[in-house]
There are 2 protein chains.
Amino acid sequence: MKRNTWQREAVREALDTSGGFISAQGLHSALHAGGSPIGLATVYRALSDLADQGEADSLQSPDGESLYRACTTTGHHHHLICRNCGLTVEIGADEVEAWAKRVAGEHGFTEAAHVVDVFGLCATCSATAR
Amino acid sequence: MKRNTWQREAVREALDTSGGFISAQGLHSALHAGGSPIGLATVYRALSDLADQGEADSLQSPDGESLYRACTTTGHHHHLICRNCGLTVEIGADEVEAWAKRVAGEHGFTEAAHVVDVFGLCATCSATAR
DNA sequence: ATGGTTTTGACAATCATTATCAATAACAGC
DNA sequence: GCTGTTATTGATAATGATTGTCAAAACCAT
């Protein structure tokens, strides 16, 4: 049976609060900074669970860390991420969905999954940059 | 000054031979299996160099390993990868290219880069799997 | 061949993540 | 509310990929 613990809730809330993508270690630090004595292993487990249940999205940062983010949209979607400030926009991508499936099919591939993420500079950071 | 060593050449050749994406550790094993006494650290360095020079493509597997592959097409392209045997098909993706640029623009993002890779089971592995 | 530098490679160090397992806490039923 | 069962926690060890270290070896212009 699944039980509700304050730790689970704390992770969920911390994720919501963070806004952008954050690493498991980062979340753990944030929670500790906020006075929570939650354990690192627990944070990893909670994030993994949330990701499995579709309540959180995960992706791999370019340097190999796993990053997590609270999912506002349920269901499959992709992200547009500001590489400077971390601002993230969730984007539906039926177009890409269809493309991925078609390309996979054309080459005889089955069980196609895909990784599609767009990194850039958001409007604010673009303006600041110059 | 950059020097040419047989190790560098061995890594380049092993990459060409492997055909698909392969991990640094995997390449090292393959080289050892072929009788080469090359060191693991050297393989990592060589791969990193090749990737920097654009002679190899690198991507992160879903479980966080860095995978490398000899680049046949110069210029921008994406990959369709068998998660079982590593077979890789290079695919141009004008469609996705246009989509990424458009979506980024719609949200005010500039300097859009994107990560687009499709993982699946190739025809052969699909057949074997059952 | 010689010398100055780069490169190598065995091994230690690091870093994120996962496994271990005894102690703890949730929940259902009384 | 109390109790027993059992999922969950968390400190720590283990793992596994990758990077740092540094003396020895290899490269190349001279």
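Numbers restart at 1 for each chain; the letters A, B, ... are given by sequence-line order, proteins then strands.
Here the P atom of nucleotide D/dC28 and the CH2 atom of B/Trp6 are 14 Å apart, to the nearest Å. Rounded to an integer number of Å, the gap from A/Lys2 NZ to D/dT5 C1' is 20 Å. For the pair B/Leu67 CG and D/dT18 P, the interatomic distance rounds to 8 Å; values are reported in whole Å. Spacing between atom NE2 of A/His28 and atom P of C/dT17 amounts to 13 Å, rounded to whole angstrom units. Residue A/Ile22 contributes atom CD1, which lies 13 Å from atom P of C/dA16 at whole-angstrom precision. Taking atom CG of residue B/Leu47 and atom P of nucleotide D/dA17, one finds them 14 Å apart after rounding to whole Å. With rounding to whole Å, B/Leu40 atom CG is found 10 Å from C/dA10 atom C1'. Between the CD atom of A/Glu9 and the C1' atom of C/dA25 there is a distance of 16 Å, rounded to whole Å.
With the end axes of the helix from C/dA1-D/dT30 to C/dC30-D/dG1 each set by five pairs, the angle from one to the other reads 40° at 10° resolution.
The listed nucleotides are D/dT8, D/dA11, D/dG20; the one nearest the side chain of A/Thr5 is D/dT8. Of the candidates C/dA16, C/dT8, D/dA17, the closest approach to any side-chain atom of B/Gln25 belongs to D/dA17.
Applying the 4.0 Å criterion to OP1 and OP2 of D/dT8, one finds that A/Thr42 has every side-chain N and O outside that range. Put simply, A/Tyr44 has a side-chain N or O that comes within less than 4.0 Å of OP1 or OP2 on C/dT17. Within the 4.0 Å cut-off from OP1 or OP2 of C/dG9, at least one side-chain nitrogen or oxygen of B/Gln7 is found. An OP1 or OP2 oxygen of C/dA16 is reached within less than 4.0 angstrom by no side-chain nitrogen or oxygen of A/Ser23.
Not a single donor-acceptor contact under 3.5 angstrom links the side-chain atoms of B/Arg45 to the base of D/dG20.
More than 12 heavy atoms of other shown residues, nucleotides or ligands fall within 6.0 angstrom of atom CG in A/Asp52.
Put simply, the residue from B/Val118, B/Asp57, B/Val116, B/Leu67 that forms a side chain to side chain contact (heavy atoms under 4.5 Å, CB included) with B/His79 is B/Asp57. With B/Val11 as the fixed residue, the side chain to side chain contact (heavy atoms under 4.5 Å, CB included) test singles out one of B/Thr42, B/Leu31, B/Thr5: B/Leu31.
Between B/Glu106 and B/Arg102 a salt bridge is recorded (basic side-chain N to carboxylate O distance below 4.0 Å).
Residue whose closest nucleotide on DNA chain C sits further toward the 5' end, between A/Ser48 and A/Asn4: A/Ser48. With the nearest nucleotide of DNA chain C identified for both B/Arg3 and B/Pro37, B/Arg3 has the one nearer the 5' end.
For B/Thr17, the side chain to side chain contact (heavy atoms under 4.5 Å, CB included) partners are B/Glu13, not counting sequence neighbours.
Side-chain contact between B/Arg45 and B/Gln7: absent, with no pair of heavy atoms (C-beta onward) separated by less than 4.5 Å. The closest side-chain heavy-atom distance from B/Asp49 to B/Arg8 is below 4.5 Å.
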